[in-house]
Amino acid sequence: YWIAAAHGSRKPEFTGYYPGVILRPPVSMSASQGTVVFVPLSSVPPRVLATGQPLPPYLRQLSENPGPEKDRPVWAICDMVMTASICRLEKYLERGKGPWVPRVSQADFEQVLEGVASAIVPLRNMIEHRIRNEYVDVMAMAAQDHELRLASLEEEILERMTAPGK
């Protein structure tokens with residue numbers, strides 16, 4: 001979708017119309033209640049590219065432009081997450097094709113989500129903390145299982161070695 005910036009937006013906010021990746025679809029299709037959460041896209045190369053520096057983690061280049069200009073690179077600006085009323089969404093119009101809604105690949109969508117998590121540090125920290133805790137729990141269970149199996153094997157070997165007639 002193309003998304004119209006909110007009336008009264010001023011730079012460094014997004015102004016005008018931008019394509020965007022919708023992170024959360026509307027709960028309601030009511031014009032007065034329906035909203036989406038989206039990340040804007042831009043085909044203007046980030047300034048940092050000209051310096052040879054790596055992209056900040058909240059800027060993500062998509063593997064493919066979801067719009068009609070497939071050969072034009074596009075970046076998700078993941079530190080500009082916005083909420084918009086569904087009445088600010090506009091479909092792409094293409095001669096001979098009519099209105100249509102482009103889609104990003106699952107891999108690009110996941111890149112956008114990772115960019116958002118990188119832009120919102122508490123969110124990134126929470127995700128890393130959960131992953132770390134889950135990893136610790138899984139490793140503790142694996143270690144416990146390993147110890148139980150070793151004890152069982154030791155007992156089995158001792159039984160065989162000390163069995164009468166051996």
Side chain Ser152, main chain Leu148, donor-acceptor under 3.5 Å:
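A pair under 3.5 Å: no.
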So does Arg88 get a backbone contact from the side chain of Ser85, meaning a donor-acceptor N/O pair under 3.5 Å?
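Not at all, since once roles are kept as given, no pair shorter than 3.5 Å links the two residues.
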Please give me the minimum heavy-atom distance between [X] and [Y], naming the atom from each residue.
{"X": "Tyr58", "Y": "Ser118", "value": "N-CB, 4.4 Å"}
{"X": "Gly67", "Y": "Tyr92", "value": "CA-CE2, 3.9 Å"}
{"X": "Glu64", "Y": "Val74", "value": "O-CG1, 4.2 Å"}
{"X": "Pro40", "Y": "Met82", "value": "CG-CE, 3.5 Å"}

Below 4.5 Å, heavy atoms only, C-beta onward: do [X] and [Y] meet side chain to side chain?
{"X": "Pro57", "Y": "Glu114", "result": "no"}
{"X": "Val36", "Y": "Thr83", "result": "no"}
{"X": "Val81", "Y": "Val37", "result": "yes"}
{"X": "Pro56", "Y": "Val48", "result": "yes"}
{"X": "Pro73", "Y": "Asn65", "result": "no"}

Answer with yes or no whether the side chains of Thr35 and Arg24 bring together a donor and an acceptor at under 3.5 Å.
yes
Which residues satisfy the salt bridge (charged side-chain N to carboxylate O under 4.0 Å, His left out) test with Glu154, sequence neighbours excluded?
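Glu154 satisfies salt bridge (charged side-chain N to carboxylate O under 4.0 Å, His left out) with no residue once adjacent residues are dropped.
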To the nearest 0.5 Å, what is the distance between [atom1] ([X]) and [atom2] ([Y])?
{"X": "Asp108", "Y": "Ser63", "atom1": "CG", "atom2": "OG", "answer": "3.5 Å"}
{"X": "Ile157", "Y": "Glu159", "atom1": "CD1", "atom2": "CD", "answer": "11.5 Å"}
{"X": "Leu158", "Y": "Leu153", "atom1": "CG", "atom2": "CG", "answer": "11.0 Å"}
{"X": "Gln144", "Y": "Arg149", "atom1": "CD", "atom2": "CZ", "answer": "12.0 Å"}
{"X": "Arg72", "Y": "Lys70", "atom1": "CZ", "atom2": "NZ", "answer": "13.5 Å"}
{"X": "Ser105", "Y": "Gln111", "atom1": "OG", "atom2": "CD", "answer": "9.0 Å"}

Distance-only donor-acceptor pairs under 3.5 Å for side chains of residues 127-138, two or more places apart:
unit_1: His129; atom_1: NE2; unit_2: Asn133; atom_2: ND2; d: 2.9

As a test of understanding, state which of Val116, Leu113, Leu23, Ile120 forms a side chain to side chain contact (heavy atoms under 4.5 Å, CB included) with Cys78.
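Option passing the side chain to side chain contact (heavy atoms under 4.5 Å, CB included) with Cys78: Val116.
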With Trp75, which of Leu62, Leu55, Val44, Leu41 fulfils side chain to side chain contact (heavy atoms under 4.5 Å, CB included)?
Leu55
Using the ring pair (Phe, Tyr, Trp, His ring centres under 6.0 Å) criterion, which residues pair with Phe109? Sequence neighbours excluded.
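Ring pair (Phe, Tyr, Trp, His ring centres under 6.0 Å) check on Phe109 returns nothing, list empty.
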Between Trp100 and Leu93, does a side-chain contact (heavy atoms from CB on, under 4.5 Å) hold up when you go through it step by step?
CA-CA 6 Å; Trp100 63 287; Leu93 293 176; over 6 Å; no
What do the steps show when you test Val39 against Asp79 for side-chain contact (heavy atoms from CB on, under 4.5 Å), and what is the final call?
CA-CA 8 Å; Val39 169; Asp79 63 338; over 6 Å; no
